[in-house]
Every structure is written in structure tokens, then in C-alpha cells.
Amino acid sequence: MDIARPDLLEKKRKRQLAWAAAAVGAVILATLGVSRLKPAAPSVERATLVIDTVRRGEMVREVRGLGTLVPEEIRWIPAVTDARVERLVLLPGTKVEPESVVLELSNPELEMQALEAESQARAAEAQYTELKVRLESQNLDQRAAAARVKAESKQARLRADADTELAANGLIAGLTLKLSQSAAEELEHREGIEQQRLGIAGQAIEAQLRVQHAEVEQRRAQARLRRSQVEGLRVRAGIEGVLQLVPVEVGQQVTPGTNLARVARPDRLKAVIRVPETQARDVVPGQRAVVDTRNGVVEARVVRVDPAVQNGTVTVDLTLLGELPRGARPDLTVDGTIELERLTNALHVGRPAMGQPQSTVGLFRLTKGTNEAVRVRVRLGQASVSTIEIVEGLEVGDEVILSDTSAWDSADRIRLN
């Protein structure tokens with residue numbers, strides 16, 4: 001017969017509770033310890049990173065832009081009248097002289113108008129000549145009449161003087177003297193009138209000839225215009241250079257103002273680059289620049305900054321100062337670098353992938369004597385193409401990672417392998 005032992009059951013229950021409490025405490029302590037452990041630093045291959053050393057000294061601020069070479073002298077040749085393209089005489093790439101014919105147009109109606117204008121000009125010239133001859137003839141008639149009146153007046157005066165002497169000697173009657181004197185005075189008066197009429201006639205002749213001469217000049221100008229339009233059907237280059245573009249085809253109908261061809265001087269080129277609008281605010285004419293044509297580098301100078309922004313960029317014109325590298329030609333892609341200013345005794349480093357001027361960023365600084373890099377807060381200042389100023393957060397000799405570290409934004413340190 002078994003005997004019940006309540007005290008043993010109580011002891012066993014206490015031991016179980018003690019073990020359970022110990023287990024729970026151990027789990028809590030383990031969890032607390034694990035939570036206080038630092039996460040393992042990500043490992044990165046050092047060879048895949050761009051690392052630079054902070055230094056102090058002169059820092060050149062620059063901006064860079066892509067663009068093309070453009071001729072400084074370009075001539076677009078427009079159509080001056082309605083016409084039809086008959087023949088392309090020259091093809092793009094051909095060297096041309098000012099009188100080189102690029103293409104030929106046709107317009108029969110214009111040629112007819114030119115002939116009519118020339119005929120009208122000749123008719124106006126003939127009318128001018130006829131009017132001049134007629135007016136000169138009339139002028140001669142008036143001169144003859146004036147001369148005849150003058151002669152008659154002189155004869156009447158001589159007769160009156162003779163009658164005066166005869167009357168003084170009582171040889172003629174007083175009435176005869178008065179009649180001769182009256183006739184002399186009348187003819188003298190008529191002579192004055194004829195002289196005035198002759199002067200007025202001369203002025204009238206000049207006025208009529210000027211009117212007809214103006215008509216002649218107008219007809220001549222119209223004829224010259226029509227003839228120049230006809231001659232313009234043979235489209236000439238106008239300048240010495242290279243024919244770059246002929247945007248029309250044989251048989252095409254063109255209207256006044258249509259661009260028929262483009263001629264440029266290939267020996268006088270400039271670089272037209274596009275600079276991001278955020279970097280173009282400090283670009284001004286006169287600044288030094290360098291243009292890389294991929295086949296050589298040539299010095300340049302800023303000559304114009306476009307006041308307008310297009311697609312987030314500002315157009316900048318650079319005039320080339322040195323000899324053009326071999327192979328330089330219009331529309332060649334180039335890389336232009338403009339020097340803004342030189343900062344003396346500036347603390348600077350290579351420009352980080354995510355570093356913007358006048359901002360604060362987190363950069364990984366290498367810890368000396370270890371293979372680790374720790375994130376530090378760095379305040380940046382003015383920036384250039386490949387360098388940026390350090391305002392605070394780094395010192396001379398510090399090594400920092402410039403590569404894009406956005407993949408490790410959650411880590412404060414990384415391990416370099």
C-alpha cells in the first residue's frame with residue numbers, strides 16, 4: 001500500500017517553477033545582449049571605389065558643357081521669287097567661290113515681266129528724249145520771238161529819238177513825235193514781258209523734264225529689279241567657303257524666303273556649348289576656356305552667354321584663340337570647359353558622386369590603420385567640374401570615398417576588402 005507524500009509534490013513543483021524562471025531570464029538576457037550588439041559592417045571591394053585625399057591649396061572653379069563647332073560666318077541663300085528647282089549644280093561639301101552657281105531655278109512668267117519692264121523703261125527714255133527735243137524747240141521759238149521784239153523795240157527807240165530832233169527843228173508835227181515815242185515805249189514794255197516769259201519757260205522746261213526723268217528712273221529701277229530677279233534664278237554662293245546644305249530637290253516649287261542653300265567659312269569656327277542652368281550663373285563674357293575636339297585641345301574665350309534657358313541649359317559661345325586641331329569641322333561634337341575663378345588656400349577634395357555645392361552630405365572617411373570607413377557629416381562649399389570646397393567636417397590628409405554610396409545609406413561604417 002503506497003503512502004501519499006504531499007511535501008515531495010510541493011518540492012517538485014517549486015523546482016519546475018525555478019527552472020522555468022531561469023529559462024525566461026536567460027532568454028531575456030540573451031535578447032538584451034543581442035540587441036546591444038552593433039550590426040556587422042557591409043564589405044566592399046576597395047578596387048571598385050573612387051577614393052581621394054583632402055588637400056589645401058589653389059582650387060580652380062570650372063564648368064563644363066557639351067556642344068558643337070559652328071562656323072562664325074554662315075550665309076543662308078533664300079529664294080527671292082516664286083520658282084521651280086530645275087537643276088542642282090553643286091552638292092554639299094563642295095568648295096565654292098562668291099560667283100559659283102549652286103542651283104538653277106526657272107520662272108517663265110518672271111522672265112516675261114523682266115522683258116516688259118525693260119521695254120517700258122526704253123519707252124520712258126524715248127518719251128523723255130521726245131519731250132526734251134519738243135521743249136527745246138519751243139524754247140528756241142520763244143527766244144526768237146523775244147529777240148524779234150527786242151529788235152523792234154530798239155528800232156522804235158531810234159525812230160523816236162530821230163523824231164525828237166526833227167520836232168525840235170520844227171520839221172515834223174508834234175503828233176508824229178508822240179506816236180513814235182508811244183510805239184517805242186510799247187515795244188520796250190513788250191520786250192520786258194518777253195524776257196520774263198522766257199525765264200518762266202526755262203523753269204517750266206526744267207520741271208517737265210524732271211517729272212519725265214523721274215518716270216524714266218522708276219522704269220529703269222523696275223527693269224533692274226526684274227532683271228536681277230531673273231539673274232537670281234541662277235543661285236550663287238555669295239561668299240567663299242564650303243557648301244554645307246541644299247535642302248531642296250529638283251522639281252520642287254519654292255516661294256520667296258525659302259532657304260535654298262547654306263554656305264559657311266570652314267576656317268573660322270566657334271564652339272557653341274550648353275551649360276546646365278544651375279552652373280551658368282557665374283559665366284560671363286571674357287572668361288578663359290578650353291575646347292576639347294577629341295583630336296586636340298585649343299584655348300578659347302567666352303564671347304556670348306544666351307540670356308534665355310532652353311531645356312535646362314544655357315547656350316554659351318566660345319571663340320577659338322589657337323590653331324584648329326586637325327579634323328575640326330562644322331557640327332563636330334566638342335567638350336568645353338570654362339574657368340570661372342581661382343580660389344587660393346582652399347580646402348578641397350574630388351567631387352563626390354552625390355555632392356552638390358552649398359550642401360551637407362554624409363561621406364565615408366577611411367579610418368587610419370584599419371580597413372574600415374566611417375560615415376561623417378561634411379558641409380560643402382563652392383564646386384567645380386571635378387573638385388569641391390570643404391567648409392567643415394574634414395581635414396587635410398583625410399581620405400574619403402567619392403563613389404556613389406547610396407546602397408549603404410543604412411550603415412554608418414563599411415569594411416574595405
Any V89 side-chain heavy atom under 4.5 Å of V102 side chain: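 The answer is no, as the side chains (C-beta and beyond) never meet within the 4.5 Å cut-off.
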
Heavy-atom check, side chain of I51 versus side chain of R46, under 4.5 Å: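 Yes. Closest side-chain heavy atoms under 4.5 Å.
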
Mind listing the closest non-hydrogen atom pair of [X] and [Y] along with its distance?
| X | Y | value |
| --- | --- | --- |
| I401 | L363 | O-CD2, 4.2 Å |
| A261 | L243 | CB-CD1, 3.9 Å |
| I77 | R236 | CD1-O, 3.3 Å |
| R351 | P357 | NH2-CD, 3.5 Å |
| D82 | P256 | OD1-CD, 2.9 Å |
| I388 | G350 | CG2-O, 4.2 Å |

Residue of the set R268, K270, R262 for which salt bridge (charged side-chain N to carboxylate O under 4.0 Å, His left out) holds with E73: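 It is R268; the other options fail the test.
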
Backbone N/O of [Y] and side chain of [X]: donor-acceptor pair under 3.5 Å:
| X | Y | result |
| --- | --- | --- |
| T94 | L91 | yes |
| R377 | G393 | no |
| Q279 | P276 | no |
| S100 | E97 | yes |
| S228 | R224 | yes |
| D317 | V303 | no |

Over 12 non-hydrogen atoms of neighbours within 6.0 angstrom of [atom1] in [X]:
| X | atom1 | answer |
| --- | --- | --- |
| R329 | CZ | no |
| E109 | CD | no |
| R288 | CZ | no |

Sole residue of T333, L320, L332 in side-chain contact (heavy atoms from CB on, under 4.5 Å) with T293: L332

Member of H348, R342, E341 meeting the side-chain contact (heavy atoms from CB on, under 4.5 Å) criterion with V60: R342

Working to the nearest 0.5 Å, report the span between [atom1] of [X] and [atom2] of [Y].
| X | Y | atom1 | atom2 | result |
| --- | --- | --- | --- | --- |
| I74 | I239 | CD1 | CD1 | 9.0 Å |
| L318 | I338 | CG | CD1 | 5.0 Å |
| L105 | Q253 | CG | CD | 9.5 Å |
| Q287 | E62 | CD | CD | 11.0 Å |
| S386 | L402 | OG | CG | 10.5 Å |

Pairing of E86 and R84 as salt bridge, 4.0 angstrom limit: yes

Salt bridge present between R227 and E118 (N-O < 4.0 angstrom):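 A salt bridge links R227 with E118.
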
Selection residues 396-405 - residue pairs positive for side-chain hydrogen bond (donor to acceptor under 3.5 Å, both in side chains), sequence neighbours left out: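 As it turns out, the side-chain hydrogen bond (donor to acceptor under 3.5 Å, both in side chains) pairs with a partner in residues 396-405, which skip direct neighbours, are D404-S406.
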
Criterion side-chain hydrogen bond (donor to acceptor under 3.5 Å, both in side chains) against E125, the qualifying member of R219, R220, Q212: R220

Full working for side chain to side chain contact (heavy atoms under 4.5 Å, CB included) between V314 and V283: CA-CA 10 Å; V314 175; V283 178; over 6 Å; no

